[in-house]
Each structure stands twice: as C-alpha cells, then as structure tokens.
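One structure is given below, encoded as structure tokens.
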Amino acid sequence: MKSVFQVYQTLWPEDKRANLEPLLSRVPVLHFPDDRDKFSQVMPHLVVLVVSKIKVKDVLSLIDLGFEHIVQADREDFAKELLASSLMTLRPQAFLKNPIPFFLSGFDSERIISDPDRHLILRFTKQSEKATLLDWLGVFLDRNPATATIRDLCLQAADEMISNALFNAPVRPSGKRAYKDLPRNSEIELPSSQACSLFACFADERVVLGCEDPFGSLDKGLLLNHLRDVFRDDAATMKYSAGGAGLGLRHLIENAANFYVLVNEGKSTLVACGFVLRGLKANMTIAKHMHLSFHS
Amino acid sequence: MAVTPFKMKSWMEGNTSFVEITGAIDERAQFTEVKLAEKMVINLEGVNFINSIGTRAWCLWLQRFRAPLKITMVRCPVIMVKSFSSVKSFLTDRCTIESFYIPFYSDNTGERKDFLAVRGTHFGDADMQLPEIKDSKGEIMDMDVVPELYFSFIKPA
C-alpha cells in the first residue's frame, strides 16, 4: 500500500520533503472510491482516506466503516490537512498529550504559538464563565477583520462546545454522566483539577476553535449513533427531554469546514471546528474534512 | 456585534400584540407571557445570538400560540433565518415572515453586508427581486447563502 509521501510528496516544497519523508512515508493512504476494493485489507483507523467532494452523509458512511481521518482532496488546505492527519495517525499519544500547539498547521505551529494575536487558550470550570469566554473569543476574532462574516458561526460553535464540555463530558467514578440531564442554565462548577480549555487560532486561510476536556468519556458507538440520528432528515429534530436540545453536533458539522473529535479514553476529549475565512456559504457548502479518532 | 442578555417586551395596539426580542436567545432567555389579540408581530432585529438551548426555548414558546392567532415576524436577523429551514418546528403554520436580512459577501474585500428584504418590495410568494449590493470598492457582492435552504421558508402571506 502506498504512503502519503509516495503519493503526495510534490504537494510540499522540495526543501521540506527531507523532513517530511520519515513521517509521511509511514502513513498509508487510500482513496475513495478508487480503492474501495482494498478497504477490507486494512485497519481503517490507521489509514488516511482521501476523498473528493463527497457530502457529509457519505463521509459518515465511511466513518461507519472505521476510517478516522477523511480528507477532501479538492480543498486549498489539502496538504496541511494531510500533514495533520498523518500526525494524528502516527503519533496519537503525543498528539493527544498536547494537541493544541500543532493541531492545525503542522510545521507552522511555532509561528502561531509565538504570536499572541494568532492564538487564544482559555481555561474554564464553570457554566457562569461561558458569557465571558464568548466575549474574549469575540475580541480575539475581531483582531482579524476576515472573521467578520463568520463571527456568529464561531461564537455559536464555541458555545455548543463549552456546554458539551461542562454538561456532557464529566463522568463520576461509577461511569455515570454527572450533569448530562441538568437544565443548561444550571450552575455547574468543576474542580480546578478538571478544568477544560477553549482554544482558537488563526492559520492563514482559516480559524480553528475547539474545546478540550479532561474526561475522555465520549463513546465512539454513541457518537456514531447520534450522528446517524441527527443527519437522518434534511432538517434537524429537537429533543424536548431533559438536558441538551440535540442540535449542537449537527450545527457544528453543517456550518464548519473541518470537524475534529479526538478522544483519549478516560483522559481527554478534544472537539474542534475549522472555518475558512470566506463567508457563511463557503463553510456550509465546502467539502468537509472530518476526523473522529478514538484511542484507549 | 457583542452578545447581550436576552430582553423581551410586549405591548398591545388595537387588535395586535407587539413583541420585541433583543439579545441572546440562550439558556438564560425567559420568554414571558404575551397578552394576545387577533394578530402578533414579533420584531427580531435585536437578536444577536442563538444557541441550541435557546432554539428549543424559542420553539416551545412559539408553539404555545394557537389558531386563529396570526404571527408576523419582522426584521429577522441572519442568525435566526438560518434556523428557519434547518430546524424543524422553528416556525409554525401561524408564522409569516414580512422582512428578513440576507447576508452578502465580497470575496474582494472580505466585507459582509446584511440587506433587509421586505415582502412586497423584494420578495413575494415565489420570487425575489433584490438590488445589487456593492462593497466598499463598488464591486458587486454575492449572496452569502445557499438559496434553496435560506429562502425555503418563503410562502404566501
């Protein structure tokens, strides 16, 4: 089976290839639909799957087959996403231990981290902090005028991810979810040792924001079932029972250009969205990169 | 625009109840009782944020209003209009949209402008007639929506 490097090395400048080869030559790549006949021969979670302009429902079908990193070939950020996928595939533990620094842009990460105008990391433990978190995020986004068109999208995404981290993620030692069915205006406060993080960063043509929680409690099977449910119909159906409304995940995926879920079981869950800086429609209609990766 | 706390006020004029909602429709939103007449007009221009919990609260509130009450919504912001077609039961059969904002985007300058489309002037039962919207450099801007989704709520008044 061919590796990412074998197939795609020309995507990167010649002077970078020597550095990239040791990593990318170890990551197998398959293509859908051309390599469909090889799917049964591989461990799909160890492969980067390259697709072309397929829609969300079809991406979800591939995730059902066990693929964890689905990358759209026609995107401008294809090379960067390939690189990030390769890192996530090859070094999952190192990645999960500290994902934020090189989450997006691989070898650009140093530049981003050293520039305070390009990244933001905020820790939080309380529901009552959410309004302040969103205010800070709004100020951060306003530093880049190109986000004006998608500011609302970003704030909505952050809101959903923060609520998810506070209400859905925490589990008791018994394994029961502590706050899942509470009204979402309940005043939750996690101990400081269980603080979550909201992060955001600009990388040239996009902004990525996400939340990391220290629980790692997101169950792959439940997530996939939920995804199938929420994308069954053309419009989202609300939950009127206790807890959340059941709309957040679909909203994140529909409105973002990239979507990431990275779970280190029992240790951390990271949920993130990437938005291209080209308006609402571009983010809705773009063929989406999707990553749903689970490690125990 | 900064996200501000939810506020709602209502008053009666003749046979119409008027409701004005501003701020964030989220888990803190408290929809109050509205004294009802034959018609209700809801002005949503000041809504600057809505999340999934707020969406549910909005739907539950709206579902309280039964026939023969007719509900008209005016100056609906983009953030609400996006949910008209993407969330079931966000609008009910009683609702008619009289005016709503359409986002326009300029690929040249990165600007966004929200244009207020008014029934009878810019749209009717089945058609739309919008003026050209230009960016700060005079270039024509594109509608920043997927038309078949964004406008799917338009129906006869």
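Hydrogens, waters and symmetry mates play no part in the numbers below; they use all other heavy atoms, side chains included. Throughout, a chain's letter reflects where its sequence line sits, starting with A, and its residues are numbered from 1.
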Worksheet entry | Side chains of B:Val78 and A:Asp152 in contact at under 4.5 Å (non-hydrogen atoms) | no
Worksheet item: Does CD in A:Glu76 sit with more than 12 non-hydrogen atoms of other residues, nucleotides or ligands closer than 6.0 Å?
Response: no
Discussion item. Can you tell me which residue among B:Ile53, B:Asn51, B:Thr55 is in a side-chain contact (heavy atoms from CB on, under 4.5 Å) with A:Leu247?
Written reply: B:Thr55
Practice prompt. Counting only heavy atoms closer than 4.5 Å, note whether B:Thr109 contacts chain A via side chain, backbone, both or neither.
Written response: neither
Worksheet entry | Side chain to side chain, B:Val3 and A:Leu134, heavy atoms closer than 4.5 Å | no
Worksheet item: Counting only heavy atoms not in B:Gln30, do more than 12 fall under 6.0 Å of its CD?
Response: no
Practice prompt. Identify the heavy atoms of B:Val145 and A:Lys281 that sit nearest to each other, and give their distance.
Written response: O-CD, 2.9 Å
Item to complete: Could you tell me which non-hydrogen atom of A:Gly248 sits nearest to which non-hydrogen atom of B:Ser52, and how far apart they are?
Response: N-CB, 4.2 Å
Discussion item. Within a 6.0 Å radius of atom NZ on A:Lys57, are there more than 12 heavy atoms belonging to other residues, nucleotides or ligands?
Written reply: yes
Worksheet item: So which part of A:Thr149 gets closer than 4.5 Å to some heavy atom of chain B, the side chain, the backbone, both or neither?
Response: both
Worksheet item: Taking all atoms of both residues into account, what is the closest heavy-atom pair of A:Lys130 and B:Glu27, and its distance?
Response: NZ-OE2, 2.7 Å
Discussion item. Looking at B:Asp26, is its backbone amide N or carbonyl O close enough to the side chain of A:Arg184 to form a donor-acceptor pair, meaning the two atoms are under 3.5 Å apart?
Written reply: no
Discussion item. With a sphere of 6.0 Å drawn around NZ of B:Lys70, does it hold more than 12 non-hydrogen atoms of other residues, nucleotides or ligands?
Written reply: no
Fill in: Under 3.5 Å donor-acceptor, A:Gln156 side chain and B:Ile50 backbone
yes
Worksheet item: Tell me, side chain or backbone of A:Asp142 under 4.5 Å from chain B's heavy atoms, or both, or neither?
Response: neither
Worksheet, complete the sentence: What one should report as the nearest heavy-atom pair of A:Ala131 and B:Arg28 is CB-NH1, 3.9 Å
Worksheet item: Is the closest side-chain heavy-atom distance between A:Leu280 and B:Arg112 below 4.5 Å?
Response: yes
Discussion item. Does any backbone or side-chain atom of B:Val87 lie under 4.5 Å from a heavy atom of chain A? Answer side chain, backbone, both or neither.
Written reply: both
Worksheet item: Heavy-atom count around B:Lys134 NZ within 6.0 Å, excluding the residue itself: above 12?
Response: no
Worksheet item: Got a sec: does the NZ of A:Lys220 have more than 12 other heavy atoms crowding it under 6.0 Å?
Response: yes
Fill in: Close side-chain approach of B:Phe90 and A:Met238, heavy atoms under 4.5 Å
no
Fill in: Pairwise side-chain contact, A:Glu254 with B:Leu149, heavy-atom cut-off 4.5 Å (strictly under)
no
